[in-house]
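One structure is given here, and the rest of the page talks about it.
Within every chain, numbering begins at 1; the chains are lettered A, B, ... in the order of the sequence lines, protein sequences first and strands thereafter.
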Number of protein chains: 2
Amino acid sequence: MSREGRTTLRDVAEAAGVSVATCSYVLSGRADRTTPLPEPTRRRVEEAAGRLGYKGNTAARSLRRQRSELVAIVYAPPVGPWLDHLTAQSEDIAAAHGYSVIGVPVRRLDRAAQSLRVITRGHVDGAIFVGGLSDELDLTAARRSTRALMAFSDTLEMPGVDVVRNNARTALAEATTYLIDAGRTRIAFLSHTGAQEDRYLGYVDALRRAGREVDPGLVRIGAAAREDAVLVVRELLDAPNPPDAIVSESDRGGFAALQAAVDRGVKVPDDLAVIGTGNTREASYSQPPLTSVGMHQLDFTEMVEALFARIDDPTLPARELNMSWVLNHRASA
Amino acid sequence: MSREGRTTLRDVAEAAGVSVATCSYVLSGRADRTTPLPEPTRRRVEEAAGRLGYKGNTAARSLRRQRSELVAIVYAPPVGPWLDHLTAQSEDIAAAHGYSVIGVPVRRLDRAAQSLRVITRGHVDGAIFVGGLSDELDLTAARRSTRALMAFSDTLEMPGVDVVRNNARTALAEATTYLIDAGRTRIAFLSHTGAQEDRYLGYVDALRRAGREVDPGLVRIGAAAREDAVLVVRELLDAPNPPDAIVSESDRGGFAALQAAVDRGVKVPDDLAVIGTGNTREASYSQPPLTSVGMHQLDFTEMVEALFARIDDPTLPARELNMSWVLNHRASA
DNA sequence: TTGTAAGCGTTATCAG
DNA sequence: CTGATAACGCTTACAA
């Protein structure tokens, strides 16, 4: 090997007795796919590459090709199992394009720039921002550093950025209205951060539309972690005037509500209706199964294909994909 | 900008009226930190860089420096919340070294090579293989492609690879013995894949040591997904001769057992003792809290520091870190 | 104190 | 069909 480190193309070339250029041609294919393939030398090169364990050097390739063949999924932990679905489907599609998928966790929004260096320093050709992340972050630096950007957001409008609309506000209003129509009078909301976000506003919309006021005592923070949620819901149930329904900003919070109800001997859905958000697979299997707002099916194919379409041609007009959430009825409400 | 794309160092140099080399010194620091800093030009360069939004190009930097300033955490979904802990701690330490952290999900072992391209093609300087992943995968290619490799494994021995020992087999034997000593006679095992792995063998060890035989009817697959686990445990409880204890290879399976017990009106721990694996934070909050085999505290600092020590100096002798699992007693067993 | 120039490993262009 | 050769953007001896 050239130094002490990894096998380079030059090592392969020497071993095969051909030029570096030819090796590159054989191993990576030629941009203008003119001639099919030169059979005799080809085997020599491939044999040498295999024998030396040639693996290529992405830094060099990226520098030359101006492509990293990497896409990132940017998310804020903790995340539900749906991220696994997205990752899985992304990997399949990415593989078909010769790409790999990496995950970029953003733990603290105040240090997001640090986490996003992977994106902003040009490490990836495309990135998908999941959850509401794109609403909290400044994407301008990221957009200038990648060929394609895709964001789950109901509000974002940014030139050259494709967006996926969940219409969360509408969907949560629908869920809340369903509870109102079912005769529930004290509907609590279990929130992620307490911010006046889309999901919460949907809850408010529905109450207002029914001529009701928001009872601040029924709006609680705790949907982010199951253990917190259990404590919060127990507290709600122990109060003198407990809720008869709970809408949670996550399924995690929904499951916690089911558990807290068991702890307190409260019957679901008779005494307490519970609706979660996310429509995770687990919702079908909980006891009772959890009614949940979310995508009906976890099919992200169209979205990921759109990302790769933009990687191929960044001048494409920005797309707006509709993946509206719906209310998936189960036994808990 | 030089072409149509991102701002390059040359753009900054032209704007600041200095050479490319000077800009590099100012923006990336000089390797041999001889002179402190040339104040007047420095500001000019930084001003120009800021104004043009210079972000650097990792491909070029990596190629030249032979460092990507990236470390990967390689894992097989689904994973518990402890991965978030590891990620969080890794990010903090990585940031202190000027590094970023990415996640590399390996979904299917038969396509692992595809997922690991990020590693084997030299994209990262170091990688941590979590779970039993390193036992299922061939790490030789990965080792040749990074400066540092760290693996959670109780068995792996590989030159130049640091390992973390959980001693899972011993820990699961301890848990099972605890149940035996408590008078449990029909102890079931909820397995991940059904393979004769460490954790299962610990269970077997304990039974044998107590002079008992393994009852194949009590060994079931289902610990990987909560919904599967619930069904499997319900089935066990419905059988004519149900278990009076369950050891699960995951906390996920443990929670499912608790839930199935509620579904079937079986009292925990009186009629059924349940022990999980992983000692996730949620175990403290479940109803009842779940006794669990796992790390007592989720502190990965030493491990991550060791990774960076090896990135700094790959000739370091391989280390073996002991992070033995223990039985964390709670109400479920 | 700042600039020149030689690469890092690969791919694309263009002769041979 | 194959091989020089010049970039890609950056870092770093070394020279000025």
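Here B:R121 pairs with A:E69 in a salt bridge; the nearest charged N to carboxylate O distance falls below 4.0 Å. A salt bridge does not link A:D92 with B:R108: none of the charged nitrogens is closer than 4.0 Å to a carboxylate oxygen.
Under 4.0 angstrom from either OP1 or OP2 of C:dG9 there lies at least one side-chain N or O belonging to B:Q66. Side-chain N/O atoms of A:S19 include none lying less than 4.0 angstrom from OP1 or OP2 on D:dT2. Under 4.0 angstrom from either OP1 or OP2 of D:dT11 there lies at least one side-chain N or O belonging to B:S28. The shortest distance between the side-chain N/O atoms of B:Y25 and the OP1/OP2 oxygens of D:dA13 is not below 4.0 Å. For the pair B:T41 and C:dT2, the criterion of a side-chain N or O lying under 4.0 Å from OP1 or OP2 is met. Checking the phosphate oxygens (OP1, OP2) of D:dT2, no side-chain nitrogen or oxygen of A:T22 falls inside 4.0 Å.
B:R61 has its side chain within reach of B:S28: a pair of non-hydrogen atoms, C-beta onward, lies under 4.5 Å apart.
Of the possible donor and acceptor atoms, none in the side chain of B:R107 sits under 3.5 Å from a partner among the backbone N and O of B:P77. The main-chain N or O of A:R147 is never found under 3.5 Å from a side-chain atom of A:D125 such that the two would form a donor-acceptor pair.
Taking atom CZ of B:R121 as the reference point, atom P of C:dT11 lies 9 Å away to the nearest angstrom. The distance from atom CG of B:L63 to atom P of C:dA6 is 17 Å, rounded to the nearest whole Å. Rounded to whole angstrom, the span from the CG atom of B:L27 across to the C1' atom of D:dG9 amounts to 13 Å. The nearest whole Å value for the distance from the CZ atom in B:R10 to the C1' atom in C:dT4 is 15 Å. At whole-Å resolution of the value, CG in B:N57 and P in C:dG9 are 17 Å apart. Rounded to whole angstrom, the span from the CZ atom of B:R65 across to the C1' atom of C:dG7 amounts to 15 Å. Regarding A:R64, its CZ atom lies at a distance of 10 Å from the P atom of D:dG9, rounded to whole Å. Atom-to-atom, CZ of A:R67 to P of D:dG9 comes out at 14 Å; the value is rounded to the nearest Å.
Counting non-hydrogen atoms under 4.0 angstrom, B:V20 reaches a base of the nucleic acid.
Across the interface with DNA chain C, nearest-nucleotide mapping of B:G17 and A:C23 shows B:G17 to be the residue nearer the 5′ end. A residue-by-residue look at A:V18 and A:A60 shows that A:V18 has its nearest nucleotide of DNA chain D further toward the 5' end.
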